[in-house]
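Take a look at the structure set out below.
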Amino acid sequence: KKVVIKKFDNETYIRATEIISDAGIALSVNNIIGFPDETREHIFDTIELNRKLKFDTTNAFPYAPFHGTSLHKLCLERGYITNEFNPGSLNVDIPLDMPQLSRKEIGGLRRTFALYARMPREYWPKIERAEKDDEEGNRIYDELKNIYQHEFFGAHKDDDGNELPVDDIARTSAVFD
């Protein structure tokens with residue numbers, strides 16, 4: 001809250017998503033993770049907030065310290081980025097590499113963020129393993145992604161109300177790029 005100078009509290013945000021949902025308006029919640037000095041626990045605070053929100057989709061993007069900002073200066077001072085850093089495209093790389101939260105960890109949490117935000121907690125040990133970008137992590141991630149798309153994405157019926165096979169559900173989303 002202090003880093004991004006958020007001028008409203010979580011309860012206001014929760015209520016706003018309820019009002020939008022009750023009005024029948026589709027809502028995508030965009031989160032930024034990997035702020036300077038952020039920890040895994042802080043990211044899970046954001047996940048817990050997302051679990052209380054009413055939305056159609058949610059996703060997470062890595063923080064990028066833009067030149068000329070106080071956070072860019074802080075990142076330089078703490079060695080999270082070098083002078084040569086150029087934010088460029090936000091979808092290309094995870095800029096910060098911090099002792100308490102590495103690029104790989106931020107990447108794994110980014111890729112599984114929607115799963116944590118929506119799926120029951122009994123899935124969390126599998127989701128945690130799916131954070132890893134290796135053969136087993138990718139296999140588990142694909143399995144969980146299919147469950148997520150089928151159960152939570154809301155696009156698993158055709159115009160006549162018939163169930164679609166999971167392979168036909170895939171839609172473009174920042175959650176699963």
Side-chain angles (χ1 to χ4, degrees), residues 1 3-4 6 8-35 38-64 90-91 94 96 100-159 161-177:
K1 186 172 180 177
V3 172
V4 294
K6 190 171 111 182
F8 53 89
D9 61 19
N10 289 347
E11 292 307 315
T12 300
Y13 191 41
I14 293 166
R15 181 68 187 126
T17 64
E18 291 169 351
I19 292 167
I20 291 168
S21 177
D22 291 348
I25 300 169
L27 178 64
S28 180
V29 176
N30 300 304
N31 299 272
I32 299 173
I33 62 171
F35 282 101
E38 189 169 36
T39 64
R40 183 176 180 87
E41 292 75 27
H42 292 135
I43 292 173
F44 271 88
D45 289 344
T46 303
I47 288 168
E48 290 295 343
L49 173 59
N50 273 252
R51 292 178 68 81
K52 296 175 184 174
L53 303 177
K54 287 191 171 188
F55 56 80
D56 295 284
T57 61
T58 188
N59 51 57
F61 298 96
Y63 168 75
L90 300 181
N91 296 320
I94 295 162
L96 303 190
Q100 79 285 358
L101 196 62
S102 71
R103 280 188 181 105
K104 281 188 175 192
E105 290 171 299
I106 295 168
L109 286 163
R110 177 193 179 274
R111 123 172 158 153
T112 57
F113 189 93
L115 303 176
Y116 280 120
R118 271 265 173 87
M119 296 182 83
R121 289 184 196 280
E122 65 245 25
Y123 284 97
W124 283 25
K126 283 183 112 174
I127 296 171
E128 183 174 15
R129 184 57 185 94
E131 291 177 33
K132 305 288 187 248
D133 186 15
D134 59 21
E135 187 175 334
E136 182 183 4
N138 293 333
R139 181 188 54 74
I140 293 169
Y141 175 75
D142 287 341
E143 171 191 323
L144 293 170
K145 178 177 74 170
N146 284 336
I147 294 168
Y148 178 92
Q149 289 175 325
H150 185 74
E151 296 296 324
F152 303 103
F153 209 45
H156 52 276
K157 293 191 178 182
D158 64 18
D159 293 338
N162 300 312
E163 285 279 327
L164 291 172
V166 171
D167 290 344
D168 294 342
I169 296 170
R171 295 184 354 186
T172 303
S173 171
V175 177
F176 302 113
D177 58 353

What verdict does the salt bridge (Lys or Arg N to Asp or Glu O under 4.0 Å) test give for Glu131 and Lys126, after you've listed the backbone C-alpha separation in whole Å, the side-chain angles of each residue and the deciding distance to 0.1 Å?
CA-CA 9 Å; Glu131 291 177 33; Lys126 283 183 112 174; over 6 Å; no
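- Here CG of Asp56 is found 7.0 Å from OG of Ser21. Values are rounded to the nearest 0.5 Å.
- Under 3.5 Å, the side chains of Ser102 and Glu105 contain a donor-acceptor pair of N or O atoms.
- Rounding to the nearest 0.5 Å gives a distance of 6.0 Å between CZ of Arg111 and OH of Tyr141.
- Arg118 places no side-chain N or O within donor-acceptor distance of the main-chain N or O of Thr57, the cut-off being under 3.5 Å.
- For Tyr116 and Phe44, the distance between ring centers is under 6.0 angstrom.
- Two residues are said to be in side-chain contact when any heavy atoms from C-beta on lie closer than 4.5 Å; Tyr123 and Ile147 meet this criterion.
- At distances below 3.5 Å, not a single donor-acceptor pair connects side-chain atoms of Arg110 with backbone N or O atoms of Phe61.
- To the nearest 0.5 Å, the span separating CD on Glu18 from CG on Leu27 amounts to 12.0 Å.
- Between the side chains of Asn10 and Arg15, not a single donor N or O lies within less than 3.5 Å of an accepting N or O.
- By the side chain to side chain contact (heavy atoms under 4.5 Å, CB included) test, Thr39 is found to be paired with Glu41, His42, Gln100, residues two or more places apart in sequence or in another chain being considered.
- Ala130 and Leu144 get closest at one heavy-atom pair: CB-CD1, 4.1 Å.
- The shortest side-chain heavy-atom distance between Leu49 and Ile14 falls under the 4.5 Å cut-off.
- The two residues Asn50 and Ala117 have their closest heavy-atom pair at CB-CB, 3.9 Å.
- Shortest non-hydrogen contact noted between Leu96 and Gly34 is CD1-O, 3.1 Å.
- Taking Arg139 as the reference, Glu136, Glu143 meet the side chain to side chain contact (heavy atoms under 4.5 Å, CB included) condition, with sequence neighbours excluded.
- The shortest distance between side-chain heavy atoms of Ile32 and Tyr63 falls below 4.5 Å.
- Of the inter-residue distances, the one linking Thr112 atom OG1 with Ile140 atom CD1 reads 12.0 Å to the nearest 0.5 angstrom.
- Evaluation of the side chain to side chain contact (heavy atoms under 4.5 Å, CB included) rule for Pro125 yields no partner, not counting sequence neighbours.
- In this structure, the side chains of Arg51 and Ile47 come closer than 4.5 Å at one or more pairs of heavy atoms.
- Atom CD of Glu38 is separated from atom CG of Leu109 by 9.0 Å, given to the nearest 0.5 angstrom.
- The distance from atom CD1 of Ile20 to atom CD1 of Ile25, rounded to the nearest 0.5 Å, is 6.5 Å.
- A donor-acceptor pair under 3.5 Å is absent between the side-chain atoms of Ser28 and the main chain of Thr58, judged by distance alone.
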Kindly determine whether Arg129 and Glu135 satisfy salt bridge (Lys or Arg N to Asp or Glu O under 4.0 Å), including the steps that lead there.
CA-CA 11 Å; Arg129 184 57 185 94; Glu135 187 175 334; over 6 Å; no
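- Inspection of the Thr46 and Asn31 side chains reveals no N or O donor paired with an N or O acceptor under 3.5 Å.
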